[in-house]
Amino acid sequence: MSAVHWGLLCVGLFGLLTSSVYLGMVLVGARRFRREAMREDARLRERPEFLPAISLFKPLHGDEMGLEANLRTFFEQDYLQHVARAGSLTEENGVSRVELLFCARSEADEGLEIARRVAAEYPEITTRFVTSGKPWAANAKVCSLAAMAKVATHDLWAISDSDVRVSPEYLRRIVLPFAEEQVGCSTCLYRGVAIKGGFWSQLEAVGMTIEMSSGICADSLVEPVRFALGPTMVTRRARVEEMGGFESMAEFCADDFVLGNRIAKNGHKVLLSGHAIDHMVLQADFVESIKHQVRWMKSTRFSRPKGHFGTSLTFGVPFGVMAWAGALLLGMPVLGWCALLGSLLGRSAQAWVVGRYVVQETRIWTAMVLFPLRDLIGPLIWALSYASNRIQWRGEIYELVDGGRMRRIAGNRASLATNKFASDHERR
């Protein structure tokens, strides 16, 4: 048995070493991110501001909790006011310089009805409503993007999900990188917001806020940004056309990764904005939340297989527990408790730095308490992402193949009525 105990201790200590190295990278990356965000803040105060005409793409599918409040934040941007203060025209060729495009599968879609109701309150903003019909490819969201691209007036496009909320300065922040012609795409981080409350929903939210942002901060030290994040992706019409249109990525699950990666491969810069937005977490119970997170991890596993595999070495608290148990069994309590407490303090420090200085999380103390717990279940979610290649999407079962493409499994239609796993990302 002593060999097992020594094995437990050694694996735990090795994991603490790798996760500590990762933590160091996160802290350095967070410092660099904050420095760039402060430069961006300074640029935002410059006069004249960079305020190009922009079309916002908003795919919809049905009603969801908080949808009206989410959409309203996009109409309440201060963009046009700043355009007017700069002495520029708020319209070009009869169209406002901020154009909102909404797309659903049919005119009867509840989400589209809500968008119409909200848009009626803001007549100064040009709004278009489009239908895509029955999805002609695996990724229904991309089918909607292709439909909106056909009617978009402006050449700068901002794509955002229906389950995000933004601040009034959002548009002014996300267009800043495009003052540089070499920039082909920009994206931004997000804070998870547990809209339904509940422990498991909050745990998933802190994972979005801290774990995801930490990974991007660490990755920025290794290579330039070569991906986009679905909650907000900004690009130019020419860059999408250059890659073959949205249609060229309609079979992929991680369309956000594909968009940013292809633009980068075509020789254009992909930048991470210093601005962060709110991402609503709609999953409430344990099973619903775990399934949602596993689906996201499966997508990452196919998009970035090496990076996803390496994630297993970043979970500090599980390794701390292993080292603690091994040390106690071997009669080394001081070492054991130091390993455990060190892992807990390290993850809390990570939550504080990333939450406060990267995504400006307001509930910083909650994040510091919950993130070590989220880190503890991280290996479970990671391991489950390797359990199969299948995901559920819009009531259909798909198999992920060939770098993240989705292939429908014939004759296997899942019932959303009997399965709670129906988040907005899956329904689109």
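Each residue takes its place number in the sequence, starting with 1. None of these values were measured; they are calculated from a predicted model.
Look at Arg72 and Glu121 and you find a salt bridge, because one of the NZ, NE, NH1 or NH2 atoms lies within 4.0 Å of a carboxylate O, short of that distance. The existence of a salt bridge linking Arg374 and Glu211 is confirmed by a sub-4.0 Å separation between a basic side-chain nitrogen and an acidic carboxylate oxygen.
Asp256 places a side-chain N or O within 3.5 Å of a backbone atom of Gly230 that can act as its donor or acceptor partner. No donor-acceptor pair closer than 3.5 Å links the side chain of Ser19 to the backbone N or O of Leu313. In terms of modelled atom types and a separation under 3.5 Å, the side chain of Arg347 and the main chain of Leu376 share no donor-acceptor contact. In this structure, the side chain of Thr235 engages the main chain of Gly184 through a donor-acceptor pair within 3.5 Å. Of the possible donor and acceptor atoms, none in the side chain of Arg105 sits under 3.5 Å from a partner among the backbone N and O of Ala140. No donor-acceptor distance shorter than 3.5 angstrom exists from the side chain of Asn261 to the backbone of Phe257, with no hydrogens or angles considered. Panel note: side chain Arg34, backbone Gly274; no donor-acceptor pair is recorded below 3.5 Å. A donor-acceptor contact shorter than 3.5 Å is absent between the side chain of Asp109 and the backbone of Ala104. Looking at Gln77, its side chain does come within 3.5 Å of a backbone N or O of Thr73 through a donor-acceptor pair. Asp255 contributes no side-chain N or O that, together with a main-chain N or O of Val142, makes up a donor-acceptor pair within less than 3.5 Å.
Listed by chain and residue number, Trp324, Leu328, Pro333, Leu340 satisfy the side-chain contact (heavy atoms from CB on, under 4.5 Å) test with Trp337 (two or more places apart in sequence, or in another chain). Qualifying side-chain contact (heavy atoms from CB on, under 4.5 Å) partners for Cys188, counting only residues two or more places apart in sequence or in other chains: Thr232, Ser273, Ile277. By the side chain to side chain donor-acceptor pair (under 3.5 Å) test, His308 pairs with Ser385, sequence neighbours left out. With sequence neighbours left out, Phe246 forms a ring pair (Phe, Tyr, Trp, His ring centres under 6.0 Å) with Trp157. Partners of Met322 according to the side-chain contact (heavy atoms from CB on, under 4.5 Å) rule, which considers only residues two or more places apart in sequence or in another chain, are Leu8, Val11, Phe319. With sequence neighbours excluded, the residues satisfying side-chain contact (heavy atoms from CB on, under 4.5 Å) with Asp219 are Glu223, Phe227, Arg304. When the salt bridge (charged side-chain N to carboxylate O under 4.0 Å, His left out) test is applied to Arg262, no partner is found at least two apart in sequence or on another chain. Under the ring pair (Phe, Tyr, Trp, His ring centres under 6.0 Å) criterion, Phe74 pairs with Tyr170, not counting sequence neighbours. Take Arg301 and apply the salt bridge (charged side-chain N to carboxylate O under 4.0 Å, His left out) test, not counting sequence neighbours, and it matches no residue. In terms of the salt bridge (charged side-chain N to carboxylate O under 4.0 Å, His left out) criterion, Glu251 has no residue partners (sequence neighbours excluded).
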Mind running salt bridge (charged side-chain N to carboxylate O under 4.0 Å, His left out) on Glu40 and Arg43 for me, showing each step along the way?
CA-CA 5 Å; Glu40 196 173 285; Arg43 288 180 59 199; 5.9 Å; no
Salt bridge (charged side-chain N to carboxylate O under 4.0 Å, His left out) for Glu399 and Arg390? Distances and angles first, verdict last.
CA-CA 4 Å; Glu399 183 178 20; Arg390 296 187 177 187; 5.6 Å; no
Set out, in order, the CA-CA distance, both residues' side-chain angles and the distance that settles side chain to side chain donor-acceptor pair (under 3.5 Å) for Glu76 and Tyr122, then state yes or no.
CA-CA 9 Å; Glu76 295 179 346; Tyr122 303 89; 2.8 Å; yes
Salt bridge (charged side-chain N to carboxylate O under 4.0 Å, His left out) between Lys58 and Asp161, worked out
CA-CA 6 Å; Lys58 183 70 70 171; Asp161 289 338; over 6 Å; no
Using the rule given for salt bridge (charged side-chain N to carboxylate O under 4.0 Å, His left out), can you reason through Arg173 versus Asp41, listing the C-alpha separation, both sets of side-chain angles and the distance that settles it, and then say yes or no?
CA-CA 8 Å; Arg173 292 296 297 262; Asp41 290 340; 2.9 Å; yes
Go through the steps for Tyr357 and Trp352 under the test ring pair (Phe, Tyr, Trp, His ring centres under 6.0 Å), then give the verdict.
CA-CA 8 Å; Tyr357 294 107; Trp352 186 77; 5.5 Å; yes
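Taking CH2 from Trp365 and OG1 from Thr362, the interatomic distance works out to 14.0 Å, rounded to the nearest 0.5 Å. How far OH of Tyr398 is from CD1 of Ile391: 8.5 Å, rounded to the nearest 0.5 Å. Considering CD of Glu113 and CG of Leu67, their distance stands at 11.5 Å, rounded to 0.5 Å. Interatomic distance, Ser201 OG to Glu288 CD, rounded to the nearest 0.5 Å: 8.5 Å.
A side-chain N or O of Ser214 and one of Gln350 form a donor-acceptor pair less than 3.5 Å apart. In this structure, a donor-acceptor pair under 3.5 Å is present between the side chains of His268 and Glu242. Between the side chains of Glu99 and His154, no donor-acceptor pair of N or O atoms lies under 3.5 Å.
With respect to His279, the side chain to side chain contact (heavy atoms under 4.5 Å, CB included) criterion is satisfied by exactly one of Val164, Leu189, Ile195, Leu229: Val164.
The environment of CZ in Arg31 is sparse: at most 12 heavy-atom neighbours from other residues, nucleotides or ligands sit within 6.0 Å. Counting non-hydrogen atoms of other residues, nucleotides and ligands closer than 6.0 Å to CZ of Arg363 gives a total of 12 or fewer. Shown here is Phe14, whose CZ atom has no more than 12 heavy atoms of other residues, nucleotides or ligands within 6.0 Å. Atom CZ of Arg128 sits in a crowded spot, with more than 12 heavy atoms from other residues, nucleotides or ligands closer than 6.0 Å.
Listed by first and then second residue, the salt bridge (Lys or Arg N to Asp or Glu O under 4.0 Å) pairs involving residues 186-207 are Arg191-Asp278 (not counting sequence neighbours). Listed by first and then second residue, the ring pair (Phe, Tyr, Trp, His ring centres under 6.0 Å) pairs involving residues 193-221 are Trp200-Phe286 (not counting sequence neighbours).
Here the side chains of Ile216 and Leu272 are in contact, with some heavy-atom distance below 4.5 Å.
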